[in-house]
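Report on the structure given below.
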Amino acid sequence: MIDLDLVRKDPAQVEANLARRHDPKLLERFAEARARDAEWRAGRVEADRLRRRRNELSRAIGQARAEGGDTEGLASEAREALAQFDEVEARETRLGAERDRLVRSLPNLLDPSVPYGKDDTENVVVATWGERITDAGSRKSHVEVLEALGMVEFDRARRASGAGFYYLTGPMVLLDLALQRFALDLLIERGFTPVIPPFMLRREPYEGVTDLADFENVMYKVEGDDLYLIATSEHPLAALYMGEILDEARLPIRLAGISMNFRREIGGHGVDQKGIFRVHQFEKIEQAVFCRPEDSPAIHEELRANAEEVFRRLEVPYRVVNVCTGDIGTVAAKKYDVEAWFPRQQAYREVVSCSNCTDYQARRLGIRLGKAGRPGKTVPHTLNSTAVATSRALAVIVEQYQRPDGSVEVPTVLRPYLGGRSSIARAAGA
RNA sequence: GCUGAGGUAGCCUAGCCCGGAAAGGCGCCAGCCUUGAAAGCUGGUGGCGGUUCGCCACGGGAGUUCAAAUCUCCCCCUCAGCGCCA
């Protein structure tokens, strides 16, 4: 959430920033939040005055009783003073709760370098890498290739679990695992600590790391428990230090999350309807960092460089976009997407999302910075980025590395993880 | 799932039975002392703003009361033992 202190001290700055998001409702909500806060503050003065009176009388009764005096007169006076108290206090509570709800519903403040734009068509390309394959006609879709290899089961998965699931089988599983291990090793090399987090979270931490709209749209709720299946390991990793004071000397903390990820939301149309590009369940190696506020822009670039390195070493052409104001979402202050080139589709498709969330998640989660175990006033920044999401990476590799005979070449960098194997082909007689 | 013990400030703890302004220690900060440091001594050290002061804060919520960390009810979480279990 946005710092309430900043809302009070420099509302013009907050308002100008929110205005960049093209959403007039946001400015209305912001104005409403400020109005509720002003009313709440005024109401508090009155409530505090009443509470003070009550406390004084109450102490006087205690003292009179201790001295053996009569307390009935004081007590009736106190009862009288309390008559109007409930109403004032209820009003104060209601205003404060409304103010908090409104402030919490506001998105993060955007970094000045985020380009202005209405939707994903106005994202700005900031880098491109690799030689694209431009003859789509020579290519089959990843679905066709995987089915011809006999290493994926879509129809049976639908029967068992519904649309949006698949069984991956045979050597393709080894390629999936190799991708994860390769990305993980790269991160470990760069100072990340691998973490297998819980794959379910309680509601409270979940509200800290994501926004409510996402919450309703993408989360799977576990029946009978206050638990939700994680949509990305970013969420349990961000919640790792919920309510704690992080010692500045320990920062930055670089974590490499390994998890299965579960998402209900599926925009079921066009080319994504079939296949493994967009599914309810996928594995991902994720970068997550806690750092001092002044370090987050540089670390954001570092995470992006790591994500790019994954695709360079896989020799998959890609571009990087700076996600514009109309497409960036609630939590990130700045976001890069890495988009890999899918030769069959002749399109760049998102394979990595790399965000600087600044203090937005950390404040909601109650994480503070401190020295020697003592809390300070500042809140750390959190960042996250995909290193590799296996279903999407697998899809692009299959489209790019397929051969005319139906086999798939193994990217050089993955071969050590497959015992030196250089291609995956349909088993004889299968 | 059952039984029991717990949840108090950055940390540790007292207070709870028997309602009356959150005690103490550690750590941290500042001052004194010192060549310097440690020790020692003194003071400070939760949040809010309306800042000579006040209000709020004892896991969360409701109730009783002039007054709740304390009594009553509901809920959450943690730990231990038992049960179950890949």
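Each chain gets a letter, A, B and so on, in the order the sequences are listed, and its residues count up from 1.
- Between the side chain of His381(A) and the backbone N or O of Asn356(A), no donor-acceptor pair lies under 3.5 Å.
- Atom CG of Leu50(A) is separated from atom P of A67(B) by 13 Å (rounded to the nearest Å).
- Between U78(B), C66(B), G49(B), one nucleotide has an atom nearer to the side chain of Ile61(A) than all others, and that is C66(B).
- G81(B) and C75(B) have their P atoms separated by 26 Å, with the value rounded to a whole Å.
- As rounded to whole Å, 18 Å separates atom P of U45(B) from atom CD1 of Ile245(A).
- Nucleotides C82(B) and G61(B) are separated by 36 Å at their P atoms, to the nearest Å.
- Ring-plane geometry between Tyr336(A) and His300(A) is classed as parallel, the angle between the planes falling under 30 degrees on a 0 to 90 degree scale with a further cut at 60.
- For the P atoms, the distance from U65(B) to C55(B) is 23 Å, rounded to whole Å.
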Please lay out, stage by stage, how Asn108(A) and Thr358(A) fare under the test side chain to side chain contact (heavy atoms under 4.5 Å, CB included). CA-CA 8 Å; Asn108(A) 200 357; Thr358(A) 61; 2.9 Å; yes

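- Between the C1' atoms of C41(B) and C33(B), the separation comes to 8 Å (whole Å).
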Show the distances under 3.5 angstrom between N or O atoms of the protein and N or O atoms of nucleotides 55-62 of chain B.
| from | atom 1 | to | atom 2 | distance (Å) |
| --- | --- | --- | --- | --- |
| C55(B) | OP1 | Asn55(A) | ND2 | 3.3 |
| C55(B) | O3' | Arg51(A) | NE | 3.2 |
| C55(B) | O2' | Asp48(A) | OD1 | 2.4 |
| C55(B) | O2' | Arg51(A) | NE | 3.2 |
| C55(B) | O2 | Arg44(A) | NH2 | 3.2 |
| C56(B) | OP1 | Arg54(A) | NH2 | 3.0 |
| C56(B) | OP2 | Asn55(A) | ND2 | 3.2 |

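- Taking a pair to require two hydrogen-bonding distances under 3.5 Å in either a Watson-Crick or a G-U wobble arrangement, U34(B) remains unpaired.
- Contact check on Asp226(A) versus Arg203(A) returns no salt bridge, with no Lys/Arg side-chain nitrogen under 4.0 Å from an Asp/Glu carboxylate oxygen.
- Formation of a donor-acceptor pair under 3.5 Å by the Gln361(A) side chain with backbone atoms of Val209(A) is found in this model.
- Residue Arg8(A) is in sugar-phosphate contact alone, with no base atom involved, counting any heavy-atom pair closer than 4.0 Å across all strands shown.
- Computed from coordinates, the Arg202(A) CZ to U78(B) C1' distance equals 9 Å when rounded to whole Å.
- Among the heavy atoms of the strands, none lies under 4.0 Å from Leu57(A).
- Going from atom CZ of Phe199(A) over to atom C1' of A86(B) covers 16 Å, rounded to whole Å.
- Comparing A30(B) with A38(B), their P atoms sit 11 Å apart, to the nearest whole Å.
- Judged purely by atom type and a 3.5 angstrom limit, Arg392(A) uses its side chain to pair as donor or acceptor with the backbone of Phe277(A).
- Across all strands shown, A22(B) forms no Watson-Crick or G-U wobble pair with both key distances under 3.5 Å.
- The aromatic ring centres of Tyr228(A) and Tyr220(A) sit 6.0 Å or more apart.
- One interatomic measurement links the two molecules: CD of Glu92(A) to C1' of G54(B), which rounds to 13 Å at whole-angstrom precision.
- Between Arg368(A) atom CZ and C11(B) atom C1' there is a gap of 13 Å when expressed in whole angstrom units.
- What separates CG of Asp226(A) from P of U78(B) is a distance of 11 Å, to the nearest Å.
- Taking the P atom of each, U70(B) and G60(B) are spaced 11 Å apart, rounded to whole Å.
- Comparing the C1' positions of C66(B) and C12(B) gives an interatomic distance of 36 Å, to the nearest angstrom.
- Comparing the same atom, P, in C11(B) and in A21(B) gives a spacing of 26 Å after rounding to whole Å.
- In this structure, CD of Glu248(A) is placed 16 Å from P of C28(B), rounded to the nearest angstrom.
- A salt bridge links Arg254(A) and Glu302(A); the closest N-O separation between the charged side-chain nitrogens and carboxylate oxygens is under 4.0 Å.
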